[in-house]
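This chain uses plain numbering: 1 for the first residue, then up along the sequence.
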Amino acid sequence: MAKATLIAACVFLLNGCPFLPPSPYNRIDITNVLPTGNISLLPGQSIEESVTEDAPGPVDIIGASSELDGEVLTVTLRLRELPEEAKVMQVVGHWHDLRYRWAVHVNFEGDPLAFLQHPDYVVKASYYAPVQRFGYYYSRIPLAPWIQTDQGSCETTVVEASGNKYANCEISGDEAEVTFSPEDGAVTLVTRVPGITGTSTIAFYAYSFGLSGRDNADYRSYVDYAPRNADEIE
């Protein structure tokens, strides 16, 4: 009886105890809310974009470049400003909020009309910033920012009820190399993309995740993508 009571108490603590921090394993997929831009750049091409003053600096893409060596893709996003440099980790910890995401979308066949929401492959880096909240959080000292990298193949799914299409991605935890260059305001991702060729097309996006109860513009949701004029392709 005592053993059963102890097990029940443990289950309660793990699932319903208000004194435990929230789960940090936030892997939100936002491909169905991206703009209607196209995946239209070739690996090796560069692009410059204008500044968007009302966007948070870490998601305002002002330039992007890429290189392809075999199937190893190197992408550099230049942002209006960088957040604090982060350590790459595959499992993030408590007291961290998902703040920013930088991603590369790939179309293997090189179709410049492929929508940003319908990639064949995705590489993304998610930035988790440490936070202190109310109550018992005050007794905790947050750790440094962390980055979690994910990548994987996608297939376009049709939702019959609405007729909309979205990318359903099988994401793995493969680790990409992520580097920060504060002097250039740049984030660089290097990873192998199985199936990519020199005639494949690519596009980029950056996203900030809003936090409830915050009025500061840095905390609202905002998406930017490059090339921005790709939605004008006919």
Check: Does atom CD of Glu71 have more than 12 heavy-atom neighbours, drawn from other residues, nucleotides or ligands, at distances under 6.0 Å?
Finding: yes

Next item on the list: Side-chain contact test, heavy atoms from C-beta onward, threshold under 4.5 Å: evaluate it for Ser208 versus Pro58 and give yes or no.
Entry: no

Check: With under 30° as parallel and over 60° as perpendicular, where do the rings of Tyr127 and Phe180 fit, or are they tilted in between?
Finding: tilted

Notebook entry, point to check: Parallel, tilted or perpendicular: which fits the ring planes of Tyr100 and Trp102, with parallel below 30° and perpendicular above 60°?
Noted result: parallel

Notebook entry, point to check: Would you say the side-chain atoms of Asn107 pair up with the backbone N or O of Ile39, donor to acceptor, closer than 3.5 Å?
Noted result: no

Notebook entry, point to check: Tell me, do Thr76 and Ser66 make a side-chain contact under 4.5 Å, heavy atoms counted?
Noted result: no

Check: Heavy-atom count around Glu183 CD within 6.0 Å, excluding the residue itself: above 12?
Finding: yes

Checklist line | Heavy-atom donor-acceptor pair, Asn38 side chain to Leu113 backbone, under 3.5 Å | finding: yes

Notebook entry, point to check: How about Gln151 and Thr191: does a side-chain donor come under 3.5 Å of a side-chain acceptor?
Noted result: yes

Next item on the list: Taking the side chain as every heavy atom from C-beta outward, state whether Ile196 and Phe108 have any pair of such atoms under 4.5 Å apart.
Entry: yes

Checklist line | Sidechain-backbone polar pair: Asp97 side chain, Ala129 backbone, donor-acceptor under 3.5 Å | finding: no

Checklist line | Donor + acceptor pair across side chains of Gln90, Thr149 (<3.5 Å) | finding: yes

Item checked: Electrostatic pair Glu48:Arg78 at N-O distance under 4.0 angstrom -> yes

Notebook entry, point to check: Within a strict 4.5 Å, meaning less than it, do heavy atoms of the Thr74 and Leu189 side chains meet?
Noted result: no

Note to self: Is the distance from the ring center of Tyr207 to that of Phe209 below 6.0 Å?
What the structure shows: yes

Next item on the list: Could you tell me whether the side chain of Phe204 reaches within less than 4.5 Å of the side chain of Asp224, counting heavy atoms only?
Entry: no

